[in-house]
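The block underneath contains the structure these notes are about, expressed in structure tokens.
Computation of the quantities below employed the complete heavy-atom set of this structure, encompassing side-chain atoms and omitting hydrogens, waters and symmetry-equivalent molecules.
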Amino acid sequence: MTAPQRRIRPFLASGRARPVPPEEPEPPAAPRPFVLTSGRVLGRRSDLGLETQVSARISGPDPALARLPREQRAIVAACARPVSIAEISARLHLHLDVTKILVTDLSVAGYLEVHHVDRFSPTDVPTITRVIDGLRSLS
Amino acid sequence: MDSAHSPDGAAPVPVKIVVAGGFAVGKTTTVAAISEIAPLTTEAEMTVASVGVDEPALATGKTTTTVAMDFGCVTIDRSLKLYLFGTPGQSRFGFMWDDLARGALGALVVVDSTRLDDCFPAVDYFERIGLPFVVAVNAFHGRLAHDLGDVRWALAVDETIPVLAFDARDRLSVRDALLAVLDRALARASGTRSAT
């Protein structure tokens, strides 16, 4: 009964012929940005600006937070004080549009409050005057 | 979560000024000079036409690229916060500017006087959308390659657009450049208050 064995290829005969586990792909350094949004991208028009302020509606350890994916939990945690969309994006290393989508989701779900301001109020005379006075007082 | 409570009181009203210009003209230095936080970087991914990009791999005409924006902020008072966004001045990133310019008080176009053409797309854009802007020539090591009159002539900007020299590393110099932008913003707001 040696004949069949001789048909075994040398490598397999060497005893290392264990079924090779499917190779684990190298985990990417970070998920591709839009994986976090389930592939959703932002429409051209979002009412969230880079400077739009966002704050958490819940604080401290909240059981509701445990149900959220990691990135979303991190966003809520980053918003303990009001912060801008740009700051969330920068501090959590999330792409800007991904940040906007996740913030919108979290706002709809009630975790975050988005502080919309009247679109034209930032450019009115009293506001500009206050900015001028504020800058002049810098030394 | 019906019992909404924000522990730290009201959010400030954010206002912003765009700091535009070509690569390495001193935008981030400008932001850093006056920002109360070390400038942060946010990234946006976008599809851009690759016309004029000298890379064979981009010959398909479109590519996805990541654009980084540096920004900082200055707290004006408890209910008002000024953000400064430094943005790439290349025309191929133009549509990102719509997002930046929306609601902005104005723009500071930072110029290296040895590479004036770098700022053309930004000047064109702000002129087209009617956003108040000021051309600020960064005096590297205190020197300008051209005098301001020549810069104004080369840029062919309106007489009402200030062209000034500043030092991007100097806090008060940056402050004064921003005040020039705000002066333009104020002129527009007082003149065309109902033009919204």
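Hydrophobic clustering places Val13(B) together with Val125(A) (ILVMFWY residues linked when any side-chain heavy atoms are closer than 4.5 Å, directly or through intermediates). Residues Val137(B) and Trp153(B) are members of separate hydrophobic clusters, defined by side-chain heavy-atom contacts under 4.5 angstrom among Ile, Leu, Val, Met, Phe, Trp and Tyr. Cluster membership for Val109(B) and Ile129(B), using ILVMFWY side-chain heavy atoms within less than 4.5 angstrom, is shared.
For the residue pair Glu87(A) and Phe71(B), the shortest heavy atom distance occurs at N-CZ, 3.5 Å. Nearest heavy atoms, Leu138(A) versus Leu172(B): O-CD2, 4.0 Å. In plain terms, the two heavy atoms of Ala11(B) and Pro82(A) that are nearest each other are CB-CB, 3.6 Å. For Leu186(B) against Thr129(A), the heavy-atom pair with the smallest separation is CD1-OG1, 3.9 Å. Closest heavy-atom contact between Ala90(A) and Leu40(B): CB-CB, 3.7 Å.
Note that OG of Ser137(A) is 9.5 Å distant from CG of Asp77(B), once rounded to the nearest 0.5 Å. In this structure, Leu96(A) CG and Asp99(B) CG are separated by 7.0 Å, a value rounded to the nearest 0.5 Å. Note that the OG atom of Ser89(A) and the CE atom of Met69(B) stand 7.5 Å from one another [nearest 0.5 Å]. Atom NZ of Lys16(B) and atom OG1 of Thr52(A) lie 7.5 Å apart (nearest 0.5 Å). Here CG of Leu135(A) is found 6.0 Å from CG of Leu82(B). Values are rounded to the nearest 0.5 Å.
Judged by distance alone, the side chains of Ser139(A) and Arg171(B) never bring a donor and an acceptor atom under 3.5 Å apart.
Using a 4.5 Å cut-off between heavy atoms, Arg136(A) touches chain B through backbone and side chain atoms alike. Looking at Ala104(B), only its backbone comes within 4.5 Å of chain A, counting heavy atoms on both sides.
No side-chain heavy atom of Val15(B) sits under 4.5 Å from any side-chain heavy atom of Glu51(A). For the pair Tyr83(B) and Leu50(A), the minimum side-chain heavy-atom distance is 4.5 Å or more.
Ranked by non-hydrogen atom pairs under 4.5 Å with chain A, the options Leu178(B), Leu100(B), Leu80(B) are led by Leu80(B). Taking Ser84(A), Gly134(A), Cys79(A) one by one and counting their heavy-atom pairs under 4.5 Å with chain B, the maximum is reached by Ser84(A).
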Check step by step if salt bridge (Lys or Arg N to Asp or Glu O under 4.0 Å) holds for Asp47(A) and Arg102(B).
CA-CA 10 Å; Asp47(A) 57 355; Arg102(B) 192 152 38 108; over 6 Å; no
